[in-house]
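Input: a single structure, listed below in structure tokens.
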Amino acid sequence: MKIQYTSYQETIAFLQRAMSAHPHLIRLQSIGETWEGRPIMLATISLDVTYADDKPALLYTGSIHAREWIGNELAIKFIQYVMDNYRFNPKLQSALTRNTLYMVPCLNPDGFEYSRNHFSFWRKNRRNNGDGTFGVDLNRNFDAKFMKNQNTSSNTYGGPHAFSEPETCAIRDFVEAHDNIRIALDYHSQGNVFFPAHKFNHEVEIEGTDLNVLCANMNHEIKKVTGRQYGIHRGKPPAQLIHGSGREYYYRKGIIATVVEVGTRNIPDYMKNMSESIAENIPAILYALSESINYSPIAPARVEGFTIKEVDHDSVELEWQYQSRDDIYFEVYRNEHNKSACGESSLVAITKSLSFTDTQLKSGHFYFYNIRAVDKVTKIKSPFSPELRLKTRLERHESARTLFPTRDTVGYLSKLNQQKNREHFGYNSMFIGIDKQRGISVGVVQFDLSTLVPKSTIQTAHFYLYPMNRVAAKIENYGEWSVSILDVTSVADIYDYDSVMGAKVLHTLGYTYGSDKMTQGIWLKWSFNGVERAILDKLIEGRKLLLRIQGPTSLPLGNDSQIMQFDIGYGPFGCGLHYRPNLELVYQLPESELKLAPSSCNTIFKEYVVADRLASGFDGAGDIVYGQMAFELNTELEPEKTVFTSARLTLRSSNAIAGAKDVRFTIELVELNDVDYAHVKQRQKIEYIGYEVSNEQLKERAVHHFIFDSFSLQELERLHEAKRPFYFIIRATAESKATDALVNWNNCQDSQPAELHIRYIERRKEPVEAPTNLQAQVENGVVKLTWNNPSDEDFVGSFVVRNRFHPPRSPFDGVKLYGGKDNYTLDNFGNPSVPKYYAVFSYDDAPNYSEPAQLHYSGNQ
């Protein structure tokens, strides 16, 4: 037995000493008595503790499962931290002045002592079940969806009825008597994961963002101490969920509640692992305590109507609603990953406005936005609005694909179960790493690249995996998980372990995840660098990308498992399309090039025009002489499906100006009605092309390239759509008056005249029309949606999304229900009794998404 751990009697003695030393800070009471007569002790901690019950509170419960000693130990160390630091730590002082901490170090004293002294793996309390068995799983004994179980010997036996146990009755009665409790943390082991509460269905609750952000911000505090990242995972509603847990009981009462699973063993090495877990969780608890007041009745109201007004390729405009108040401002947070912290590092706006435009974003990129209101005097913050999720539009030259593996091309291979390896594909999940049962196991994911046009250029690529369970990764800080690109031609059979393990590796992606970064419920993301994207470019020709995911391949002495479980989205226990491994690609289609010669050239003097000659500078009187060119785009390119990706104008000079005077030449793209001095002088300049060329540069070389910027490219496209010529003016400028300074450029009839080079791709610019006639009805207890698709030859499919709180303005702002050519779908996982919004977007091959067809479903249709 590990003597460093504290017994229950030692815990009580510690609490009594703490109260005696700090009576203004700590109050101690018993809230009940166990079957074996032990008191269930609760410490109240606040400044000043006399008024503790009048403040918003955090409820901490620990060791409800007997063998999970972390709860009791962490509580003791946190109280010690408070006593050692409250006099001078301003964050701690503020948290304890504005909030109260109710702390039950051990909610299962009988089981805890039995685990310590008799059978360390004991989980339940010590109720005599009367049939030769003992114990009830206290975390199945609450009345939140209590489920009766006749198997009294089961580790998860929930008791004869809800609240049959003195321990659960004690905490229930305390909670019922204290409506100031705003947040509840229930500490368990193991897994290094937060399990936020749920309401037993697939619908998002208004508090869902509060739960995720609370966990993410606690995670941020943990990461600052040890670098470790905990998972955040709410389970898979409505099936396979815990029934009768305290977490759901607290949540049902309006308390923001989460389980915190700590460490990788129930009773780890105290000095090495338990002390580390304690150190990282102390600041996390302090953060949660400080948040209690933000969920109290005195907090500002939650921001309503937080939604997307407009999305572009590099910006997004957000808007929201709030009653007019001078004492309120808003904090807006932006993250690039789901379940990320909302703090100083992600705060992008502090504003009193009811809208915000975020700029300098990446095209085709996911962003997650959160908002809360803040009282400018008290600094108390509101709960969070439901999170906005969006994907910026693609730039005009970009296309995108989200690729998923088919059922038969995603799975895992085990060294010790080779006869069953084929069965591991398309069934539930991938186990990757090593354990005694399977030996070494690797994941295999193959993507079909045939929808990409050969010779396309990958601009960004991200591979995503969803970790669904890390309990079997039992060793702290051991092993790494990585992804390798395999030469598919070297793999004879993707279901054969030896074939995959012996395959030629083209490249191993540069980023690896250590075991302390392997989360549960938070997507893992591998971003391809330039070398890796170049490999993808080549693989498009072969039309397949084969990835092998590998973890540690050996175990230290005395350990039996270091394995991660990833969802594949297939099989009875897979979570469906939303959780499949996927490859997000942004790419450019192969370019074509036009090389145009000028259709006309003119040199325009003040008094006359010289046709078929191209010169510019200053005449003898010092008046400007303009060079003018026109180019005709006489092709069959469809303007609505032609995107100019780059352009350059190449000029060749045959002389330079004598002397040292600084004369420079600029090129302008212009609107021009007539070729004479007056019209040219009054021209409408559209944009300068490239940079000016100096006389010194004319002396150095004869060929000069003028590169089009983004705006001038768009203007070229506009002129193309209007079927108008491209007019250019060559204009001279000088630092002081210049005379007889004329430069001759190659004329239209010369062997090497001016050239306009335009590179382009064929890609639709605007989306097809939106779907129409969106309707909803309930059939066999399921919401069925129907709509009419647009009749357009470029229509590829419709994208259906559901949002509980506002009409989706982005195809990614909510839960995806369907994508394809059909004109109906079923909301199989939604609750038909809950009001919500639906939207359907049509899309083309780029994809460009249309404006949405929207519907509010009232929940009683």
Side-chain angles (χ1 to χ4, degrees), residues 190-191 231 236 239-240 264-265 404-447 463-475 478-505 508-509 512-515 518-520 524 526 544-576 579-581:
Q190 55 181 300
K236 298 185 290 183
Q240 294 95 43
T264 58
R265 291 182 182 272
F404 298 92
T406 57
R407 181 186 290 269
D408 60 340
T409 58
V410 58
Y412 76 98
L413 305 171
S414 293
K415 185 175 184 178
L416 300 184
N417 292 319
Q418 298 201 35
Q419 70 280 6
K420 293 187 176 180
N421 278 338
R422 185 178 292 269
E423 300 172 15
H424 297 159
F425 279 69
Y427 187 77
N428 294 341
S429 53
M430 291 188 293
F431 294 88
I432 301 172
I434 182 170
D435 62 5
K436 293 294 180 66
Q437 174 189 347
R438 304 175 182 85
I440 298 170
S441 296
V442 295
V444 176
V445 183
Q446 183 171 285
F447 293 101
F463 173 58
Y464 293 89
L465 274 182
Y466 187 78
M468 61 185 300
N469 197 328
R470 65 151 293 147
V471 170
K474 296 182 179 180
I475 313 170
Y478 180 80
E480 295 180 328
W481 280 256
S482 60
V483 178
S484 293
I485 303 173
L486 301 185
D487 180 354
V488 70
T489 64
S490 70
V491 180
D493 182 359
I494 67 169
Y495 307 117
D496 180 71
Y497 175 86
D498 293 326
S499 181
V500 169
M501 292 301 288
K504 178 182 177 182
V505 175
T508 296
L509 303 188
T512 61
Y513 282 91
S515 62
M518 295 300 291
T519 60
Q520 181 174 329
L524 297 185
W526 281 266
K544 286 182 182 178
L545 168 66
L546 181 60
L547 301 178
R548 184 182 70 202
I549 305 102
Q550 53 264 329
T553 57
S554 63
L555 289 168
L557 184 66
N559 291 272
D560 62 0
S561 178
Q562 189 71 344
I563 205 158
M564 277 297 300
Q565 184 180 0
F566 298 90
D567 202 338
I568 64 171
Y570 294 104
F573 299 104
C575 292
Y579 299 94
R580 286 179 197 159

Sequence neighbours excluded, the answer for salt bridge (charged side-chain N to carboxylate O under 4.0 Å, His left out) partners of D560 is K474
Least distance between heavy atoms, [X] atom then [Y] atom:
X	Y	value
Q418	D496	OE1-OD1, 4.3 Å
L465	M430	CD2-CE, 3.7 Å
G191	R470	O-CD, 2.9 Å
M564	P467	CE-CB, 3.7 Å
P581	F463	CB-CE1, 4.2 Å
I494	D408	CD1-O, 4.0 Å

Is it true that T264 and Q190 share a donor-acceptor pair across their side chains at a distance under 3.5 Å?
no
Keeping [X] on the side-chain end and [Y] on the backbone end, is there a donor-acceptor pair under 3.5 Å?
X	Y	result
R548	V442	no
W481	I432	yes
S515	Y478	yes

Could you tell me the separation between the [atom1] atom of [X] and the [atom2] atom of [Y], rounded to the nearest 0.5 Å?
X	Y	atom1	atom2	answer
S490	L546	OG	CG	8.0 Å
Q437	N417	CD	CG	6.5 Å
I485	L547	CD1	CG	6.5 Å
Q562	T553	CD	OG1	11.5 Å
R438	N421	CZ	CG	11.0 Å
Q565	Y412	CD	OH	8.5 Å

Applying the side chain to side chain contact (heavy atoms under 4.5 Å, CB included) test to F425, which of T409, I568, L413 qualifies?
L413
Mind checking whether [X] and [Y] have side chains closer than 4.5 Å, heavy atoms only?
X	Y	result
Q446	P405	no
L555	I475	yes
L509	S482	no
F404	V410	no

Go through Y513 and T519 one step at a time and tell me if the side chain to side chain contact (heavy atoms under 4.5 Å, CB included) criterion holds.
CA-CA 10 Å; Y513 282 91; T519 60; over 6 Å; no
